[in-house]
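Sequence lines set the chain letters: A, B, ... in the order given, protein chains first and strands last, and positions in each chain run from 1. Every value quoted in this text rests on a predicted model; they were computed, and no experiment measured them.
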Amino acid sequence: MTKLATRCKYWYASHNGAKARVMAMERYNHRTSESHWQKRWNDERVFEAKETFGKPKHYVLEMFPYPSGRIHVGHVRNYTMGDVLARYMRARGHNVLHPMGWDAFGMPAENAAIEKGVHPRNWTYENIAAMRRQLKSMGLSIDWTREIATCDPSYYRHEQEIFLDFLAAGLVERKISQVNWDPIDQTVLANEQVIEGRGWRSGALVEKRELAQWFLKITDYSDELLAALDGLHRWPEKVRLMQQNWIGRSEGLRFHFELETEQGSPVPPLQVFTTRHDTIFGATFCAVSPDHALTRELARSSLEIAAFRRECEALGTSEEAIERAEKKGVFLGLYARHPFRPGFRLPVYAANFILMAYGEGAIFGCPAHDQRDLEFAHNYGLDVIPVVAPAAADPATFTIGDEAFLDKDDAQAVLINSDFLNGMTVAQAKEEVARRIEKKGIGQRKLNYRLRDWGVSRQRYWGCPIPIIHCPACGIVPVPKSDLPVVLPDDVTFDQPGNPLDRHLAWKQVKCPRCGNAAQRETDTFDTFVDSSWYFARFCAPRADRPTDPAAIDYWMPVDQYIGGVEHAILHLLYSRFFTRAMRRTGHIRLDEPFASLFTQGMVIHSTFRTPAGEWVLPADAVERNGRWVHAETGEQLIVGPAEKMSKSKKNVVDPEVIIDQYGADTVRWFVLSDTPPERDIEWTESGVAGAWRFTQRLWKLVNEVTERPAEPSLNVLSPQSTALRRTIHQALHAVSLDIEGLRFNRAIARIYELANALTAALASPVKDAVSPAVLREGATILVQMFAPMMPHLAEEAWRLLKMPGLAAQAPWPAADPALLVEDTVTIAVQVNGKRRDEVTLKKGLPAAEVESIVLELDNVRRALDGRSVRKIIVVPDRIANVVVG
RNA sequence: GCGGACGUGGCGGAACGGUAGACGCAACGGACUUAAAAUCCGUUGGGGGAAACCCCGUGAGGGUUCGAUUCCCUCCGUCCGCACCA
C-alpha cells in the first residue's frame, strides 16, 4: 500500500515541462474504476444467463468453494481462468452460464462451533458474505442471481428427494461396515483424519468399529464408469488414468476349494479370487482375511484365532505399518483339496495380508510367483513349487530364492511342474485352467473391481439430514416426499462430544409415517461429497421446485468447461460421474457425463521465510535489501526456503484482498495468468505482481496516446508500415483467440505483450505519420478487446476513452481479417547439413527449384560448402531449405 | 512395487520433427533528473573474434532422420497418484 502511494506521487512529480501532454493524462486508478464498472455490470445485468434459443450455449464452471471465510490466491487463479473463458465465449456470441455457489456443509463449521461457541449456520453464512464480497471485488462475470449454498434447505431438500429416488431405484444400501471410530469425540473419522493411528483432534487411538451405514451403489456402475473414460477426450489423460486405477478392474477367476478338517470331515467350500490361475499347480496353501466369515466363526471356539484377529485389528493400516508388518497368520485347522491334484491338501490359514474388501477375502497362495506368498511360506515352512520359468531355464534345476518369479505378460515364460499345463505360455495356461474350472462347475471367470461402494453416513450435525425414519415395527421407512425437507434443527449444543442430532430428542423422536407408532429419525447426515455431486445440475435452474428443470438442464448440460484443482481428480469427479448416471436412471437428467471438458489447474506456491530461530515469517513481513531477505521490522536476516504450497502453518500465504486493494483486481488477474502454463504450479512473487501492475499503466498510457492522434477516417490508402502493423494486429488477434480457446493463457498474454510492444514502437516511430492514426486506433481497439477478458475493468475504461459504444464486456469479439493472416513473403532458414547458416526472405509458395538456386548463391552457404559438392537439397516450402553435402 | 508426468539461460517459461531461448521477471548500460524512484531506449545462454562470422549448448548416453527440445531405447534426477488389490 505505502509502496504504491509513493510511486504515484513521484509519477506525477516527474512529468513536468516537456512532458505536459502526458501530464494531462490521468493515471489509471483501479480504486475508483473497478468498483464503478462492477456496479455498471451489475446494474445492467450483463452477466445474467438466459435460455434464449438460436444462440449456442456455453457452460463454464469452476469448482465451487468451501466458505472458509476468506478467498485464497488459489481461488483467484481458478476463478480468473474460468472468467477469461466465460467473457471470451460471451464475446464470441454464446449464451454463457457462469454461476457461483458454496459447498457449505462440513466439519470446519462444527469445529468453529466447538471452539468459538458460534452456531455453524451463522459462522457459515457470515463466511459466505465475506467471500462473496471478495469474489465480487475480482470483477468476475458471474450470474449472481443463481447463487446457491448447499446448507440451505432450498438446496438440500432436493438432495433428499434425489436420495429417496435413488433408494426406490435400488441404488442405496444399508450395510454394516468398518469405520475409524474416535472414542473421545465419539464420531467416525475419515481416513484423512486419522494421523498415525490417532484422531486428528482428540489424539485418541482410533478404533475400528462396525456400524450400520448408508451406501450409494457406485459399484453398479464400475464397468460403465471405467469404459466411459475413453470417451472423455477433453479430460486430462492423467485424471483418466487415476480414475482407471482407482476403479481397478482386473480379469480373473473365482472358484471354490472343497474344505475338510484335519480328520477329513467336510466343511462348506472356500471361495477364492485370483488373476493368476495359471499358477494353480504351484499352490501350497490357502489364506483368508482375519475378517473373513470363516475366521470369525472359528475365532469363537479358538483362543489362538481370536487372539490373532485382535492383533490384526490393533495393527495400523498406515503405509509404514504395512511396510514393516511381517507376513503373519494362524492355521485354521482346515485343509483345501486341490482341484487338479487328487489327494493333495493345502493348509488353510488366516493371514494378515489378505484384505477382506478385495475379491473374496480369500486366496490360494503360490509362493513361487507372489512375493507376499513367498514371505509367508518362508515364515511357516511351506513348500515353494516353481511352475513358471523363463523359456531358457532348465525346468529340472529352476529354483526360487528370496525373490518370487513374476513373469507378468512375458510371453517368453512357460509352465513347468504343472501336469496338463506344461509347456504352455501364461496366457494359454490361464485360458486352460479357466476352461477346466468352469467345466467342473466349481467356478467361473470374473471381473473384479477395486472400487467399493460409497459410504455416505457421517455422525455429524452440519450436513444434509438423511431422510429416513427407523421404525421398530416397519424397519427402514423413507420420509414421504411431502414431508421434505427434513430440516436441521437450530437449537443444538456442542458442549458434549458426539453428534448433537443424536441428543436432540424433540427432533429425533417422530411418528412412523407408515404405522404411526413411535419411531426415530436417522441422525446421520450425508458426506459433503454428496452435496457437490449434483450442484452443477442445480445451477441450470437454481430456484426450480424439483431438483432439476428438464428444459433448463437439457439446454445447459453438460458443463462445457470445468476447472478445478487436481486434488479432486478421483473423489469429487468420480462421484459426480456416478451421480449423473444415477440421476439419469431416476429421471432427473438425460445424460451420462456431466463435464464435457475438464481442466486441472496448478497450485499457487510461494517461497518460505523463517528466522534463524526457526519461526515462520509472512511474505508481507519480509523485504529484500541488497539481495538479502530480512524481516521488515526487526531487520533480522531470514532464511529463504524453496517455493511450496501455501500453508498457514508455514505462513507462506498472501491475502488476495490486500493485493487487490493495493494493485487492483486487473493486475492480480493478469499476474495469475502470466508466465506459467495454467496446469502447472505458479510461484507468487511480488516482483511479478508489480510487473503486471506496470503493464496496466503502460496499456493505459498507450490507449491515451493513440486517442490523442488526430482522427483519420479511412483505412484505404496505407503506407507499407501501416499495412505491416495491420498484419501484426490481426495475426495477434488470431493467435490470442486460439490461445484462449485452448486455455493457454500464458501464451495469450505473451502475444498481448507483443502487440502492445509493436503499437508502442509504432507510436514512437521517428518518421512522422509513418503509421496511419486509423491503424493505430484499430490496433488499440483490438488490443483492448483482447485483454478485456483478463483485465475487464481497465478494458472498460479504455473502451470509454476510445469512444466505443456500449460496454467492452458486451462487445462482440473482433474478427481477424483472413487476408491479413496470410503473408506474401516468408523468411526461411537455410541450413547446410542441418546447421543453420543463413536466412532468406522469399515470395511465398516459390517453387522448390527456384529456392534451391537462390539458396546456393548465398555467401554464407558457399562458405559453408567450402568447395564440397552438393548431394541434395531438401526444401520444405515456406519453411526451410537444407543443403546436404556429400 | 505399479502407473504417470517432468528435466531448456540467473528465474518463470516459448518453440505443427524445420532459425532453440518468443514473452515476462531479474540484472547491467544509457537518456531524463540536483538526486533517487518512476518512465523511456538498449544489452543479456556459454566461449572465440575488431568485425563478418565461427564453435559449444535443451539432465547423460545411444538410435531413427537431410534435420531432434520434439520420435524411439537405456540410464540419472525431481514430482505426483495408487499401493499387502491376490
Atom pairs, N/O to N/O, protein against nucleotides 64-68 of chain B, distance under 3.5 Å?
{"unit_1": "rC66(B)", "atom_1": "O2'", "unit_2": "N882(A)", "atom_2": "ND2", "d": "3.1"}
{"unit_1": "rC66(B)", "atom_1": "O2", "unit_2": "N882(A)", "atom_2": "ND2", "d": "2.6"}

Within residues 667-681 of chain A or reaching into it, pairs that qualify as salt bridge (Lys or Arg N to Asp or Glu O under 4.0 Å) - sequence neighbours excluded = D83(A)-R669(A)
N or O in side chain of R751(A) less than 4.0 angstrom from rA14(B) OP1/OP2 = no
Can you tabulate the close N/O pairs, meaning under 3.5 Å, that link protein atoms to atoms of nucleotides 44-47 of chain B?
none

With F285(A) via ring-ring contact (aromatic ring centres under 6.0 Å, His included) - residues at least two apart = F376(A)
Contact list for residues 876-886 of chain A, test salt bridge (Lys or Arg N to Asp or Glu O under 4.0 Å), sequence neighbours left out | none
Identify, with sequence neighbours excluded, every residue that meets salt bridge (Lys or Arg N to Asp or Glu O under 4.0 Å) alongside K446(A).
-> none
Summarise protein proximity over nucleotides 25-31 of chain B in one line of letters, 5' to 3': B for base, S for sugar-phosphate only, - for none, counting protein heavy atoms closer than 4.0 Å.
-> SS-----
rG13(B) phosphate, OP1 or OP2, under 4.0 Å from R680(A) side-chain N/O = yes
Please determine if a side-chain N or O atom of K835(A) lies less than 4.0 Å away from the OP1 or OP2 oxygen of rC56(B).
-> yes
Any residue meeting ring-ring contact (aromatic ring centres under 6.0 Å, His included) with F255(A), in chain and number order, not counting sequence neighbours | F257(A)
Taking Watson-Crick and G-U wobble contacts under 3.5 angstrom, with | marking pairs to another strand and [ ] crossing pairs, the secondary structure of RNA chain B is written (((((((..(((.....[....))).(((((.......))))).((((....))))..(((((..]....))))))))))))....
Any N448(A) side-chain N or O less than 4.0 Å from OP1/OP2 of rC85(B) = no
For nucleotides 48-54 of chain B, list the nitrogen or oxygen atoms of the protein found under 3.5 Å from its nitrogen or oxygen atoms, one pair per line.
{"unit_1": "rC54(B)", "atom_1": "OP1", "unit_2": "R837(A)", "atom_2": "NH1", "d": "3.3"}

rG24(B) phosphate, OP1 or OP2: any side-chain N/O from N757(A) under 4.0 angstrom?
-> yes
Sorted by chain and residue number, the ring-ring contact (aromatic ring centres under 6.0 Å, His included) partners of W246(A) (sequence neighbours excluded) come out as none
For H338(A), ring-ring contact (aromatic ring centres under 6.0 Å, His included) partners two or more places apart | F281(A)
